[in-house]
Amino acid sequence: MEYFKEALYQWYHCHKRDLPWRSTRDPYLIWVSEIILQQTRVDQGLPYYERFIRQFPDVHVLSQASDDHLMKQWEGLGYYSRARHLHATAKIISERYQGKFPSDYATVRSLKGIGDYTAAAIVSIAFGAPCAVVDGNVYRVLSRFLGIKDPIDTPGGKKRFQQVAEELLDRNNPGMHNQALMEFGALCCTPRNPGCQTCPLVSGCYAFQHKLKETLPVKSKRIQRKIRYFYFLVAEDKEQVIIEKRTGSDIWKHLYQFPLLEQDYPADEQLLLSMPFLNRSTVNHEDTLPEISREYIHQLTHQEIRARFIRVKHRRLADNFPDGIRINKAEIHTFAFPVLIRNYIQKNFPGEHR
DNA sequence: AACTCGGGGCA
DNA sequence: TGCCCAGAGTT
């Protein structure tokens, strides 16, 4: 495997991208970048990273941030529990560790939002600790090059890949080794249309020789989507509109939305207009009739959201939203919304965006 | 072990 | 459309 490693490092030296978290060893910055990059492409995460560290340049500033401001910075990035865990962990580091980021794997691994991958990434990159990372890139590169057919989404398979990665690790420079493996998977050994023509490792690649580059790595399960129907009540008058905060164990926790009626099936329009929740917005003869928006379809990994917005323009918003939050429309852009709702807002609420 | 958490990019 | 992305937490 020395051939593999030498060729990989050579490739990395020539082809690595110039990314901001590569020019620092500040564990805080490494940590933030790793959390943002969980299940997120570099191209998508990069602008969020830049803005995030500008807003929160160190762990103390982050620990002092308000929840809403933090979520606003994360708006649109998805997997919002990452932001919550980041916040909680920043407080722990700021208080219990006096702002000094722990440097051993076990302690780092015990922090909220940091699993096996992220702990290994932080301690290897920031502190040079001999820990091997296993992420989607590593699964792909190792399964293809070595012809490992164990599924990557079962405990047994994960254990196998972890062992192989640890055996392969260059203990002289674990951070560089880990990043080289991942960068190679991201740029050359890609999920589809891998660059085998220009690959420096092709001569030893099991998948290439056996024409298995389309079938490796192996996954045992496949995802299935369920469809949910969301009907949002946009109750407003000239100055104000009603929103509420999402709680409970569901998507978009701690983001805001308009008062919601959810169904497992599409609602008939007449039925919709007679919905009890619409009565919360007392419609009287001085108000305009409800307007029902087009259907917004929002694809997520495990579900498809089909949403409509029922907009009621009141002459004067009554005090009948006990669990809602009454805000000035001019402030609506300071709250974090799911992308689906943000899209609606941008088209239907004039004013300064961000 | 199986589910669930988002959003965007790609063929 | 289905799959994937510098995965982690919950049940």
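By convention in this document, chain letters (A, B, ...) are assigned in the order of the sequence lines, proteins followed by strands, and residues within each chain are numbered from 1. Note that the structure is predicted; figures quoted are calculated from it, not measured.
By the 6.0 Å contact criterion, NZ on A:Lys112 is open, its count of non-hydrogen atoms from other residues, nucleotides or ligands being 12 or less. Atom CZ of A:Arg171 has 12 or fewer heavy atoms from other residues, nucleotides or ligands within 6.0 Å.
Per the geometry, CZ belonging to A:Phe337 stands 18 Å off C1' belonging to B:dG7, to the nearest Å. Atom CZ of A:Arg84 is separated from atom P of C:dT10 by 13 Å (rounded to the nearest Å). Summarising the geometry, the separation between CH2 on A:Trp31 and P on C:dG7 is reported as 18 Å, rounded to the nearest angstrom. Note: CG (A:Asn137) to P (C:dC4) measures 13 Å, nearest angstrom. Rounded to whole angstrom, the span from the CD1 atom of A:Ile251 across to the P atom of C:dG9 amounts to 20 Å. Atom C1' of nucleotide B:dC3 and atom CD of A:Gln224 are separated by 11 Å, given to the nearest angstrom. Computed from coordinates, the A:His302 NE2 to C:dG9 P distance equals 16 Å when rounded to whole Å. Rounded to an integer number of Å, the gap from CD of A:Glu304 to P of B:dG7 is 14 Å.
Phosphate proximity of C:dC5 to A:Arg140: present, with a side-chain N or O under 4.0 Å from OP1 or OP2. One finds no side-chain N or O of A:Gln38 lying less than 4.0 angstrom from the OP1 or OP2 phosphate oxygen of C:dG7. Taking only side-chain nitrogens and oxygens, A:Thr118 comes nearer than 4.0 Å to OP1 or OP2 of C:dA8. Residue A:Trp74 places none of its side-chain N or O atoms closer than 4.0 Å to OP1 or OP2 of B:dG6. Residue A:Gln303 places at least one side-chain N or O closer than 4.0 Å to OP1 or OP2 of B:dC5. Within the 4.0 Å cut-off from OP1 or OP2 of C:dG7, not a single side-chain nitrogen or oxygen of A:Tyr139 is found. For B:dA2, one of the phosphate oxygens OP1 or OP2 lies less than 4.0 angstrom from a side-chain nitrogen or oxygen of A:Lys221.
Using the six-membered ring where Trp is involved, A:Phe349 and A:Tyr344 have ring planes that are perpendicular, over 60° apart on the 30 and 60° scheme.
A salt bridge links A:Arg84 with A:Asp67: the closest approach of a Lys/Arg side-chain nitrogen to an acidic carboxylate oxygen falls below 4.0 angstrom. For the pair A:Lys245 and A:Asp68, the salt-bridge criterion is met [side-chain N within less than 4.0 Å of a carboxylate O].
Between C:dC5 and B:dA1, the distance separating the two C1' atoms is 23 Å to the nearest Å. Rounded to whole Å, the C1' atom of C:dA6 lies 23 Å from the corresponding atom of B:dA11. Nucleotides B:dG6 and C:dC4, compared at atom C1', are 13 Å apart to the nearest Å.
Side chains of A:Gln162 and A:Glu166: a donor-acceptor N/O pair is present below 3.5 angstrom, by distance only.
Residue A:Gly45 is out of contact with every strand shown, counting any heavy-atom pair closer than 4.0 Å. Across all strands shown, A:Asp43 has no heavy atoms under 4.0 Å from either base or sugar-phosphate atoms. Contacts of A:Asn178 with the nucleic acid, taken as non-hydrogen atoms under 4.0 Å apart, are absent. At a threshold of 4.0 angstrom between heavy atoms, the contacts of A:Ile36 with the nucleic acid are absent.
When the nucleotides B:dG7, C:dA6, C:dG9 are ranked by their closest atom to the side chain of A:Glu34, C:dA6 comes out on top. With C:dA6, B:dC5, B:dA11 as the choices, the nucleotide that has an atom nearest any side-chain atom of A:Arg192 turns out to be B:dA11. Side-chain proximity of A:Gln39 to C:dA6, B:dA11, C:dG7: nearest is C:dG7. Of the candidate nucleotides C:dA6, B:dA1, B:dG6, B:dA1 has the atom nearest to the side chain of A:Pro155. Candidate nucleotides B:dG6, C:dC3, C:dA6 were compared by shortest atom distance to the side chain of A:Trp252, and B:dG6 ranks first.
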Check the pair A:Arg82, A:Gln38 against side-chain hydrogen bond (donor to acceptor under 3.5 Å, both in side chains), reporting the backbone distance first and the verdict last.
CA-CA 9 Å; A:Arg82 291 184 291 175; A:Gln38 285 171 3; 4.9 Å; no
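The base of B:dG6 lies close enough to the side chain of A:Thr301 for a donor and an acceptor atom to sit less than 3.5 Å apart.
Of the two residues near DNA chain B, A:Thr154 and A:Thr40, the one whose nearest nucleotide lies more 5' is A:Thr154. Comparing A:Arg41 and A:Leu111 against DNA chain C, the residue whose closest nucleotide sits nearer the 5' end is A:Arg41. The residue among A:Tyr79 and A:Asp153 whose nearest nucleotide of DNA chain B lies closer to the 5′ end is A:Asp153.
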